[in-house]
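Below is one structure, written out as structure tokens; the observations come after it.
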Amino acid sequence: MSTSFGRLLDRVAEVVLAPANAAIERHVLHVAKITPGEAVLVVGERPALGRHTGSPEHTGLDDASVDVVLSVNDVRNWADRRAAFAELFRVLRPGGRLVLSALERRLPVSRHELADEAGAAGFTDLQTWVWEPPGPGGLAAQLRALRQ
């Protein structure tokens with residue numbers, strides 16, 4: 001990409017050691033449709049963009065303070081998914097987007113069950129699909145949802 005924001009996305013991909021992880025992160029960023037100036041909350045360690053939180057259950061952020069929540073290969077580490085989805089819903093602004101991506105074989109439940117859990121927390125327009133990133137890692141499950 002030739003824009004400064006595009007170069008930022010390129011740098012995000014460069015910091016990742018494994019090419020498959022870089023492809024997954026670029027895919028997630030594309031799906032999230034992040035635009036310059038949006039407040040992004042990253043759950044877990046990657047991608048290297050936005051504010052990070054180690055705990056999706058207790059972000060410490062104000063209500064309706066972020067535009068996009070991203071989680072890449074982290075949902076399996078969530079101690080309490082119900083509490084995490086409730087907290088992520090709370091910190092998203094109306095119209096905000098939640099995008100989760102994880103290797104399907106490493107999900108704690110099916111991607112459809114994750115969508116149901118997100119819906120129970122109040123998220124709408126839930127979409128889930130699988131995507132095959134390059135490399136031997138297997139299928140990556142994707143979940144996109146909105147806070148109305």
### Task
Nearest 0.5 Å please: distance from the CG atom of L70 over to the OG atom of S101.
10.0 Å
### Task
Could you grab the distance from atom OG1 of T128 to atom CZ of R144, nearest 0.5 Å is fine?
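Reported to 0.5 Å precision, the distance equals 10.5 Å.
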### Message
Give me the atom names and distance for the closest heavy-atom approach of S65 to A39.
### Response
O-CB, 3.8 Å
### Summary
Minimal heavy-atom distance between L126 and A145, with the atoms involved, is CD2-CB, 3.5 Å
### Message
If you apply the rule side chain to side chain contact (heavy atoms under 4.5 Å, CB included), what do you find for V109 with L107, and how did you get there?
### Response
CA-CA 5 Å; V109 296; L107 287 176; 5.9 Å; no
### Task
Answer whether the closest heavy-atom distance between the side chains of L146 and L98 falls below 4.5 Å.
no
### Message
Just so I know, are the side chains of V66 and V68 near enough to count as touching, which here means a heavy-atom distance under 4.5 Å?
### Response
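Contact flag for V66/V68 side chains = no.
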Among residues at least two apart in sequence or on other chains, which ones pass side-chain contact (heavy atoms from CB on, under 4.5 Å) with [X]?
{"X": "R82", "result": "D80"}
{"X": "N77", "result": "D74"}
{"X": "A86", "result": "none"}

### Query
Which pairs, with at least one residue in residues 113-139 and sequence neighbours excluded, count as a salt bridge (charged side-chain N to carboxylate O under 4.0 Å, His left out)?
R81-E117
#### Entry: Pairwise salt bridge (charged side-chain N to carboxylate O under 4.0 Å, His left out) hits with a residue in residues 83-95, at least two apart
D63-R90, D67-R93, E87-R90
### Query
Hey, does the side chain of S71 reach the backbone of L100 with a donor-acceptor pair shorter than 3.5 angstrom?
no
### Query
Can you tell me if R106 uses its side chain to pair, donor with acceptor, with the backbone of V75 under 3.5 Å?
no
### Task
Show your reasoning for whether side chain to side chain contact (heavy atoms under 4.5 Å, CB included) applies to R111 and L143.
CA-CA 7 Å; R111 70 181 197 276; L143 170 68; over 6 Å; no
### Task
Using the ring pair (Phe, Tyr, Trp, His ring centres under 6.0 Å) rule, collect all pairs that involve residues 85-124, keeping only residues at least two apart or in two chains.
W78-F85, F89-F123
### Task
For V40 and I34, run side chain to side chain contact (heavy atoms under 4.5 Å, CB included): C-alpha distance rounded to whole Å, both residues' side-chain angles, the deciding distance at 0.1 Å, then the answer.
CA-CA 8 Å; V40 178; I34 299 169; 3.9 Å; yes
### Query
Mind checking whether L61 and V43 sit in one hydrophobic cluster, side chains of I, L, V, M, F, W, Y counted as touching below 4.5 Å?
yes
### Query
With the 4.5 Å side-chain cut-off for hydrophobic clustering, are L103 and L139 part of the same group?
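No; L139 is not reachable from L103 via cluster members.
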### Task
With side chain to side chain contact (heavy atoms under 4.5 Å, CB included) as the test, would you mind laying out the steps for D62 and V91 before giving the verdict?
CA-CA 6 Å; D62 293 334; V91 301; over 6 Å; no
### Message
Test of understanding: with salt bridge (charged side-chain N to carboxylate O under 4.0 Å, His left out), list the residues that count as partners of R147, not counting sequence neighbours.
### Response
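If we apply the salt bridge (charged side-chain N to carboxylate O under 4.0 Å, His left out) test to R147, skipping adjacent residues, there are no hits.
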